[in-house]
Amino acid sequence: MSSQDHLCDIVIFGAAGDLAQRKLIRALFQLDRAGLLNEHSRIIGVARDEYDQEGFAKRCKSSLERFVDSTYLKSDAWEHFKQRLEYSCINLTQKSEFDHLADCLNQRTDSTRIFYYALPASLYGVTSENLHASGCLNDQARVVLEKPIGHDHESSSQINNQVGEFFKESQIYRIDHYLGKETVQNLIALRFANPLFGSQWKQSHISHVEITVAEKVGIEGRWGYFDKAGQMRDMVQNHLLQLLCLTAMDPPADLSADSIRDEKVKVLRALRPISRDMLYSHVVRGRYTRGLIDGQPVPGYMEEEGANPDSTTESFVALKVEINNWRWAGVPFYLRTGKRMPDKLSQITVHFKRQPHHIFDENQRDLARNKLIIRLQPDEGISLQILNKDQGLGKGMRLRSEPLQLSFSQAFGQTRIPDAYERLLLEITQGNQYLFVRRDEIEHAWKWCDQLLDTWEHDGPRIQPYSAGSWGPKASDLLVFKDGNTWHEDD
Ligand code: BG6
């Protein structure tokens, strides 16, 4: 079946907002350019702003000019895309304002309706209700929910209930955009297509795993949102736990959405809760102070625009996570994520155990470890650190650690790596749910995070400062060091 078969009406709520204009319109434009949208699919923007059709098209064009490389934005590509765009001005709390949208959708019976909520989650319930009441919904309709879905388990469950009144689970696509990244999907291929790794992927061979998601940016004017969330809710509850699940899960029976999601849920259920007495040994929270990023001075978190002097929010978290099952008993997973770090970098490093008996120079005992580095972004690729004999006469049997490298851009000759939203929107148009998060995944992830958030709010270690442009507080190094380890970039 080709993509041309998937005739869709893609309705974007919040079409004038940042997410829609920065990510969704751009992704749809690229899908259109690549011939991956059905010729007759429509994109209907919905917002409260008073645009006419031409005004909305202009808004989208200027966003494309900002966010798309000019080599792709040829006038014929734009004209082709523009003829798909429509606009409807709706106040989402007024049912009567949905009538026009219903008329527009009901013109076609053979088109799949996709409702993308690029909205605050507080509007998900009322939007679903009014879509239903105005006759916009049918059994084939799909709804796309953006994160954050709630602030904790209870609020997330409420939102899921509200949406669940009008959409079945098989119609709901919950976004975690990390799952749309090419390299994140490659984790499944790497682990389950290569017997070499498949056979070693367990506590008998792996000593520990690191997952780092570092960003150079600060909170980018999002104080209002970010200060309520913090790095734990903004990044760990979703992106880092998803990466952990894909790294740690058992092989699924097949590649169907439910087989993969069942395995991820098993990992979430096996996470050891971080109790009060573990806080100091398993958790580091940090907050950036002013410093230098790429040589340029940047303000500290408390100097950002709109800062609240009473804030107790973290911009950095490092955690030692344990998974209570046979595969991973005794293997720490160190998770680390922060804003205003020296690099934008997402990386999983799997450290293998030493050989049971060392026959080489005793001084080189510490060298003797294999390490698999999976680079998710940037410079996507894989590197396997292996030990070799140092070349040359007179060196005896000295060892040297060197990497075997696979760079995806060189190997696959790609000039442009598609943005995660392109992949996710394509899968939604085709009705594939495997890259989307099921309700029980989100709820188990919240439960685990809630107990930690509750504990640290009452008894937590104080927030440690780190200079913008550094790898986080010193305590984050100690977190791994006391187990005899170091973060990969310190090796
Ligand atoms: C978002 C977070 O989900 O992910 C942001 O809300 C963060 O705070 C972003 O900056 C990071 O995504 P990426 O794809 O740039 O690594």
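Every number for a ligand or one of its atoms is a count from 1 in the order of the listing.
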Original post:
Who's the nearest protein heavy-atom neighbour of atom 11 (C) of ligand 1, and how far?
Top reply: Glu215 OE1, 3.5 Å

Subject >> Nearest-neighbour protein heavy atom for atom 16 (O) of ligand 1, which is reported as residue plus atom name and distance >> reply: Tyr178 OH, 2.5 Å

Subject >> ring pair (Phe, Tyr, Trp, His ring centres under 6.0 Å) between Phe333 and His208, intermediate numbers included >> reply: CA-CA 6 Å; Phe333 282 69; His208 61 284; 9.8 Å; no

Original post:
Without hydrogens or angle criteria, can the side chains of Ser346 and Gln377 be said to hold a donor-acceptor pair below 3.5 Å?
Top reply: yes

Original post:
Does the side chain of Glu322 pick up a donor-acceptor pair with the side chain of His282 at under 3.5 Å?
Top reply: yes

Would you mind running through ligand 1 and noting each atom that sits below 4.0 Å from a heavy atom of [X]?
X	value
Asp234	2 (C), 5 (C), 6 (O), 8 (O)
Lys147	1 (C), 2 (C), 3 (O), 6 (O)
Lys344	13 (P), 15 (O), 16 (O)
Arg222	5 (C), 6 (O), 8 (O)
Lys181	13 (P), 14 (O), 16 (O)
His177	1 (C), 3 (O), 4 (O), 12 (O), 13 (P), 14 (O)
His239	1 (C), 3 (O), 4 (O)

Subject >> Salt-bridge criterion met for Asp258 and Arg438 (N-O under 4.0 Å) >> reply: yes

Original post:
Are any of the side-chain nitrogens in Asp9 or Arg42 under 4.0 Å away from the carboxylate oxygens of its partner?
Top reply: yes

Original post:
For the side chain of Arg191 and the backbone of Met249, is there at least one donor-acceptor N/O pair under 3.5 Å apart?
Top reply: yes

**OP:** Work out whether the distance between some heavy atom of Lys339 and some atom of ligand 1 is less than 4.0 Å.
**Re:** yes

**OP:** Determine, using heavy atoms of Phe226 and all atoms of ligand 1, whether some pair is separated by less than 4.0 Å.
**Re:** no

Original post:
So Tyr288 and Phe316, ring pair (Phe, Tyr, Trp, His ring centres under 6.0 Å) or not? Walk me through it.
Top reply: CA-CA 8 Å; Tyr288 59 87; Phe316 173 96; over 10 Å; no

**OP:** Take Glu427 and Tyr173 through the side-chain hydrogen bond (donor to acceptor under 3.5 Å, both in side chains) test and state the conclusion after the steps.
**Re:** CA-CA 10 Å; Glu427 299 292 342; Tyr173 292 71; over 6 Å; no

